[in-house]
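All remarks here apply to the structure that follows.
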Amino acid sequence: MDNEDPKDYSPSAVERKWQQRWEERGTNRFTREQLRRAEAPFYNLMMFPYPSAEGLHVGNIYAFTGADVHGRFRRLRGEQVFEPIGFDAFGIHSENFALKQGVHPMDLIPANIKNFTRQLKRIGGMFDWAHAADTTDPAYYRWTQWIFIQLFKAGLAERKEAPVNWCPSCKTVLANEQVIAGACERCETPVEQRRIAQWFFRITDFAQRLLDNLEWLDWSETTRTAQQNWIGRSEGAELRFPLQPRGGERVPRSAEAGRDWDIIRVFTTRPDTVFGATYMVLAPEHPLVDELTMPEHRAAVDEYRDRSVAKDLVARKIETKEKTGVFTGACCINPATDEPIPVWIADYVLLEYGTGAIMAVPGHDQRDFDFAFAFGLPIRRVVAGPEEGPDTPLAEAWEGPGTLVHSGKFDGLHVLEGKRRIVDWLAMHGLAEWRINYRLHDWCISRQRYWGPPIPIVHCEQCGAVPVPEDQLPVVLPRVENFKPDDTGVSPLARDESWHRTSCPSCGGEARRETDVSDTFLDSSWYFLRYPSTDFDDRPFDPEITAKWLPVDTYIGGNEHAVLHLMYSRFLNMVLHDLGHLSFEEPFTKFRAHGLITREGAKMSKSKGNVIVPDPIIEENGADTFRLYLMFIGPFEEGGDYRDEGIQGPYGFLHRLWNSVVFREDGAATDPEVERKLHRTIEQVTEQLAELQYNTAIAALMEYLNAVRAGGRKAARGEVEPLIVMIAPFCPHVAEELWEQLGHAESIFEGANWPTWDEAKARSDWVPIAVQVNGKLRGTVTADRGAPREAVEELARSDENVARYLDGAEVRRVVYVPERLVNFVVSS
RNA sequence: GCGAAAGUGGCGGAAUGGGAGACGCGCGAGACUUAGGAUCUCGUGGCUUCGGCCGUGGGGGUUCGAGUCCCCCCUUUCGCACCA
């Protein structure tokens, strides 16, 4: 359809024009000087995308638009808003896609980035393209490697052999977080367990601080809760169970307490129940299992252990909760009762949590109860709940509170009191210690893959692991044509001898480069520090500019990153703070998680074929309309349901707005009713945009335009001008165009001021008063604002319908809410 | 199982303890047009004997008044999931 008439609204022409102007005029770009000098800096961050071959997903656009609206709003209110964007382009996802398509990632990624850039420009984001970052650029990952070295030097990066999750399909190690219900999060292949030497960051050292800071961070509640759960602090005690010597003679309590090698340590949150510990269980992979297994039990133990390691995280976590296990033949001494109790291995005990061993209290832990029941182990009651006696039989574990029984001198104590006394008592004999345990694990950053930054370490026979000198960074990822991983457990880089053969930076001897690359989450855990400093090539982030712009003012992103990316970023920031590189501990002052967009009530997925492809929709309706619709669907922090016809609303609204401006009456007086509405609208929209409540803000703007045009009247200039400014965060292109049509030469984002409201002008002289009888609405009257109570009551009584209800009834009470309602309480 | 959030018209969704359903979609009637996914006007929760009555997942409670607060139950979504 041709749109020859300039009076007609043609989104594509308007948007092309303004995108070009922004680019030419550098409307959204900061120079280094501007970054240094900004007086009211506002760092508006959104989670950078992974540049897939499919292009921008509607979820990306939703998130970016929501963030962009906020940034543009802040800018219109006079702040200097830095709104960068970049690409999180390393990682398994790209690598797998490249393998599938037979393209090299080094060719694939630039093409994807090009396409993403085009799309991002098309939706009209206020991005500073001069400060874009790409994690696969050596100029970027040079500093990712530098960060690794800082952690290494601080003793926070360590190499250790550890059981890891191994995906047999992706042929790589996965972080615990990448294992979903025992399967690989990418390909859903069941995960196996392997032992490989890996690099770990000691994030667990920071568990308590990471937890404590959550108290004051201004973050979405859901995200904070998710992080708390992930850190998983639990308070309890470590108890020590001496092994019984093979001969079977008793060991007197505390005699062996100091000796580590024949003690089994357990973590428990219920030390009060230690008198009920009738057996012990070790995780099958527990290092003591070999030592303590008796010869006649060896075959059974070995078989059980092999089986559980093979099926590991699969069967152990999803297949069944049926309890299995075998007896090792060994016994240890219950430190409370002095009795020998058998030591079993069972896969319901996890090596990764606590000490990898438990004391089993079948009377008061349902899992232990199930196990004891299955294997005929003794079940002893040591807690009596209300209305229970010391010998009330147990049909299932009693996990609630109560009084200690069968617990020697502690009988009769409440469990909480008993807990304290028992731990203190055992501690005197060196058999217990208060302990706080966290669910959080150290962060494994090694990946036996190709598409990532090489870990900047050189292995030397003489010197061990030596970091690459900082002036030799980056360690460039070579172009390797055969980058397909295999199941040898080493990275494809290990095949390129000319690359990994090197000399030791320390002694100069023959050495070999680390051939693993690092986790993508490392790339993305510091990118926000890089953005303002992308034009510095001699430092990761400039101290002056960083001090001015960080921490990030508002961070917007998806809650799928609530525990991974957001935890790692916090951790890294904290480390850099402790090492003196940053002045702040927390990188994101304010974080808001946006919701998810579904389509016609269903989740979008490629397999269902109901994915929204943004390009044609933008082509047809314009980016402004699309943006407006996305923000109108529902509360930004909750998401909403995308219905294809729904875009008609915003589409029509913008046409109506256009016509209202183009066919306005410049001389017309402003209608007082409209003016009141305007001031109320400014107030509401201003407050709601600050809180990211976009859907209701848009509704208010629509309502206002309806009032302006009510009955088909023409708009006055003063009525639409503020409306254009208020719609500009959502629809920047059409706002610019209409702003220009009103005779302004500057960009609306540079020349316009956010409208202000006047309380007095927002009020009318009269107010509608709801009149209730016994709480039910029976009429509405109009009263003068500030009229005395008696007058309003009298007015209410005189309402015809109300009078009918009051007739013949006794008014016992009148509730009066000024300027709102009158409620007559009557008895019939 | 644990944790979090949420249940309101045909649909998406609004409502500081005070007029339930704003705004929009869809639908109905009409206007202007050579034409139009344009635009404009009016209507649109259910029932009704046209007086009203009933309505926010179900059941109790607090209150003059409850979608909103409290207790119990049901359902859905999301996260974690043998965490000792």
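Below, each value reflects all heavy atoms present in this structure, side chains not excepted, and no hydrogens, waters or symmetry copies. Sequence lines set the chain letters: A, B, ... in the order given, protein chains first and strands last, and positions in each chain run from 1. It should be emphasised that the depicted structure is a prediction, and the values quoted were computed from it without experimental measurement.
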How is the base pairing of RNA chain B summarised as a dot-bracket string, given the Watson-Crick and G-U wobble criteria with both distances under 3.5 Å, [ ] for crossing and | for another strand?
-> (((((((..(((.....[....)))((((((.......))))))(((....)))..(((((..]....))))))))))))....

Under the 6.0 Å and 45° cation-pi test, does A/R778 pair with A/Y805?
-> yes

Out of [options], which nucleotide sits closest to the side chain of [X]?
X	options	answer
A/S234	B/U39, B/A84, B/G52	B/A84
A/E645	B/A84, B/G19, B/C25	B/C25
A/P768	B/C82, B/G3, B/G19	B/G19
A/T225	B/C64, B/A4, B/G52	B/A4

[X] [atom1] to [N] [atom2], straight-line distance once rounded to whole Å:
X	N	atom1	atom2	result
A/Q693	B/G13	CD	P	16 Å
A/D641	B/G13	CG	C1'	11 Å
A/W658	B/A38	CH2	P	18 Å
A/M631	B/G12	CE	C1'	14 Å
A/E560	B/C78	CD	P	14 Å

How about [X] and [Y]: does a side-chain donor come under 3.5 Å of a side-chain acceptor?
X	Y	answer
A/D368	A/Y348	yes
A/Q208	A/Y438	yes
A/N559	A/T222	yes

Residue whose nearest RNA chain B nucleotide is more 5′ - A/I647 or A/Y642 = A/Y642

Hey, which of these two, A/T269 or A/E620, hits RNA chain B nearer its 5' end, going by closest nucleotide?
-> A/E620

Using a 4.5 Å cut-off on heavy atoms from C-beta on, say whether the side chain of A/N621 contacts that of A/F626.
-> no

Would you tell me if any nitrogen or oxygen in the side chain of [X] comes within less than 4.0 Å of OP1 or OP2 on [N]?
X	N	result
A/K776	B/C54	yes
A/R804	B/G52	yes
A/Y353	B/A84	yes
A/R439	B/C82	no

Per the under-4.0 Å heavy-atom filter, residues of residues 811-824 of chain A near RNA chain B come out as A/R813, A/V815, A/V817, A/R820, A/L821, A/N823

For B/G9, measure the glycosidic angle (O4'-C1'-N9-C4 for a purine, O4'-C1'-N1-C2 for a pyrimidine) and name it syn if it falls within 90° of 0, otherwise anti.
-> syn

So, is B/G30 syn or anti if syn means the angle is within 90° of 0?
-> anti

Do you know the tightest heavy-atom contact between A/V266 and A/I358?
-> CG1-C, 3.5 Å

Where do N or O atoms of nucleotides 20-24 of chain B meet protein N or O atoms at under 3.5 Å, pair by pair?
unit_1: B/A22; atom_1: O2'; unit_2: A/E703; atom_2: OE1; d: 3.1
unit_1: B/G24; atom_1: OP1; unit_2: A/N706; atom_2: ND2; d: 3.1

Do side-chain atoms of A/R643 reach the backbone of A/I633 as a donor and acceptor pair under 3.5 angstrom?
-> no

